[in-house]
Novice: 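Okay, here's the structure, questions in a sec.
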Amino acid sequence: MTGAGKPSGALEGLPPSFHSLLDEADAATYMLVRSGTSRILAVYGDQVRRGKAGEAELLRLLLGRDGRGGLGGPTLQDNKVALVWHEDGLARLRFRFLQVIPSNGTVLPMECSNSASAAAMLAQFGGRHRVLEPCWHAENVSTRQRIELRPFGGDRIPEAYQVRFLASDRTRRALAGLAGPGVVRVRGRQVAFQLVLVGNLFLFSEIDPNLDAETLDALVGAGMEAARAVGFQPPPGYHPKVIPYRLLDSEAVPTVLTASFYLGERHRSFPGSAAMALCAYLAQRRSAPDQARDHWQVRHPSGQIDVRLGFDPSRGGALLRWTEFVTPVSLLAWGRVAMPWRDR
């Protein structure tokens, strides 16, 4: 494995093998990318088997043969994969984001804005594209989300990406809620929530972001029951991302204080996809024309995300066109990841 250094063109020429046996070993081109606070393994989709066999290979790469030691890490944010398919000669790519659950080895297709930047990093610098592109057009085939990715870094390896999710009619309908508002009782008090299915299933609840375990479990249970009642059919092991929040009315820019919980684990910072979905959801509830809606600040446990929303001026500013934020990235490593078990 080779650490990131100064690029030569498009990182032409991956690291040479150290021994003739390695020349004959099964391996895949990979990049390990830190995007936001997530660590993502990006590999070309045509170098991984399809279906369950491919999922088994990814589990082996991230968790190791015994499920306890691979390229992944101890948290959900350290066990993410982007399978990348690049259209030859074009600044276009498709990727499939997969969340690996280290506790049970489940592989779930989901949304992850940070994985999009990792996919663009591999498409740009993985050796199959020779021109530095100002914008990459991507689609997450796990969710059908179309994305524009603009790198910051000039002729160097990017240090950040502007990630723009393009809204569709499906997106705008989803922001109205998967079902009507829900309520769950916890220790004698009512806790209201709203399910929103935009790539991932989000559960928004206007309560103190410092959730206790009992309230979190109650929201997850009630949310999944409500989602299934309206026909949502998740894969086994699927849970909503619970997003408690408070609006801070005293700020000059619309500001929300929040946190993200998934499978009982609190996110180290806050998912970019959740930040964009939450701001778009709250913005559509601001009907007064003098209420600012296009710039939001999302304050989370480790910092702040600035979210921008784009509206169609020809529709009176009422039609959402896109949501975006900027995520820092770091290319941690690139080269060939070994798959020696294929020879057996």
Novice: A side-chain contact here means heavy atoms from C-beta on lying under 4.5 Å apart; do Val100 and Leu63 qualify?
Specialist: yes

Novice: Measuring only between side-chain heavy atoms, which start at C-beta, is Leu331 closer than 4.5 Å to Trp334?
Specialist: yes

Novice: Show which side-chain atoms of residues 218-235 pair as donor or acceptor with protein atoms under 3.5 Å away, not counting sequence neighbours.
Specialist:
none

Novice: Determine whether Met121 and Pro158 make a side-chain contact, defined as any pair of heavy atoms from C-beta on separated by less than 4.5 Å.
Specialist: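 Side-chain contact under 4.5 Å: yes.
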
Novice: Which heavy atom in Lys80 sits nearest to a heavy atom in Gln77, and how many Å separate them?
Specialist: CE-CA, 3.9 Å

Novice: Can you name the nearest heavy-atom pair linking Leu58 to Val81, along with the distance?
Specialist: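 So the two residues come closest at CD2-CG1, 3.9 Å.
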
Novice: Could Arg321 and Phe311 be counted as a cation-pi pair, given that NZ or CZ must be under 6.0 Å from the ring centre and within 45° of the axis?
Specialist: no

Novice: Is there side-chain contact between Leu263 and Ile101, with heavy atoms separated by less than 4.5 Å?
Specialist: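 Yes, close enough: below the 4.5 Å cut-off.
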
Novice: Verify, without hydrogens or angle tests, whether Gln99 (side chain) and Met110 (backbone) share a donor-acceptor contact under 3.5 angstrom.
Specialist: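 No; zero donor-acceptor contacts below 3.5 Å.
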
Novice: Are Leu211 and Leu203 in one and the same hydrophobic cluster, where Ile, Leu, Val, Met, Phe, Trp and Tyr link if side-chain heavy atoms are under 4.5 Å apart?
Specialist: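 Same cluster: Leu211 reaches Leu203 through Ile, Leu, Val, Met, Phe, Trp or Tyr contacts under 4.5 Å.
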
Novice: Can you find a pair of side-chain heavy atoms, one from His129 and one from Val131, that are under 4.5 Å apart?
Specialist: yes

Novice: Using the rule given for side-chain contact (heavy atoms from CB on, under 4.5 Å), can you reason through Leu278 versus Trp296, listing the C-alpha separation, both sets of side-chain angles and the distance that settles it, and then say yes or no?
Specialist: CA-CA 10 Å; Leu278 177 60; Trp296 291 72; over 6 Å; no

Novice: Could you measure the distance from the OH atom of Tyr30 to the CG atom of Leu122? Nearest 0.5 Å is fine.
Specialist: 11.5 Å

Novice: Side chains of Ser38 and Ser35: any donor to acceptor distance under 3.5 Å?
Specialist: no

Novice: Looking at side-chain heavy atoms only, is the closest gap between Val242 and Leu216 below 4.5 Å?
Specialist: yes

Novice: Using a 4.5 Å cut-off on heavy atoms from C-beta on, say whether the side chain of Arg185 contacts that of Val191.
Specialist: no

Novice: Whether Asp26 and Arg336 form a salt bridge (side-chain N of Lys/Arg under 4.0 Å from carboxylate O of Asp/Glu) is what I want to check.
Specialist: no

Novice: Report yes or no: do Leu132 and Val33 belong to one cluster of Ile/Leu/Val/Met/Phe/Trp/Tyr joined by side chain heavy-atom distances under 4.5 Å?
Specialist: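 Hydrophobic grouping puts Leu132 with Val33.
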
Novice: Please list all pairs passing the ring-ring contact (aromatic ring centres under 6.0 Å, His included) test where one or both residues lie in residues 242-263, with sequence neighbours left out.
Specialist: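 Counting only pairs at least two positions apart or across chains, no ring-ring contact (aromatic ring centres under 6.0 Å, His included) contact touches residues 242-263.
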
Novice: Taking all non-hydrogen atoms of both residues, which atom of Glu133 and which atom of Gln124 are closest, and how far apart?
Specialist: N-OE1, 2.9 Å

Novice: Are Ile40 and Met31 connected into the same hydrophobic cluster when the rule is that any two of I, L, V, M, F, W, Y join if their side-chain heavy atoms are below 4.5 Å apart?
Specialist: no

Novice: Give me each pair satisfying salt bridge (charged side-chain N to carboxylate O under 4.0 Å, His left out) with a member in residues 88-114, each pair once, sequence neighbours excluded.
Specialist: none

Novice: Other hydrophobic cluster members with Val183, side-chain heavy atoms of Ile/Leu/Val/Met/Phe/Trp/Tyr under 4.5 Å, chained?
Specialist: none

Novice: Tell me, please, which residues at least two apart from Asp169 pass salt bridge (charged side-chain N to carboxylate O under 4.0 Å, His left out).
Specialist: Arg172

Novice: Under a 4.0 Å N-O cut-off, is there an ion pair linking Arg60 with Glu57?
Specialist: no

Novice: To the nearest 0.5 Å, how far apart are CZ in Arg246 and OG in Ser205?
Specialist: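 That separation rounds to 8.5 Å.
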
Novice: Would you please name every residue forming a salt bridge (charged side-chain N to carboxylate O under 4.0 Å, His left out) with Arg187, sequence neighbours left out?
Specialist: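 In terms of salt bridge (charged side-chain N to carboxylate O under 4.0 Å, His left out), with neighbours along the sequence ignored, Arg187 is linked to Asp212, Glu214.
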
Novice: Less than 4.5 Å apart, side chain to side chain, heavy atoms only: is that true for Val141 and Phe95?
Specialist: no

Novice: For the side chain of Tyr238 and the backbone of Leu201, is there at least one donor-acceptor N/O pair under 3.5 Å apart?
Specialist: yes

Novice: Do you know the tightest heavy-atom contact between Pro102 and Asn79?
Specialist: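 Taking every non-hydrogen atom into account, CG-ND2, 3.8 Å.
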
Novice: Is it true that Thr75 and Arg268 share a donor-acceptor pair across their side chains at a distance under 3.5 Å?
Specialist: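 Yes, a side-chain donor-acceptor pair sits under 3.5 Å.
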
Novice: Measure from the ring center of Phe204 to the ring center of Phe193 and say whether it is less than 6.0 Å.
Specialist: no

Novice: For His267 and Thr37, what are the C-alpha separation, side-chain angles and deciding distance, and is it a side-chain contact (heavy atoms from CB on, under 4.5 Å)?
Specialist: CA-CA 9 Å; His267 198 286; Thr37 55; 3.4 Å; yes

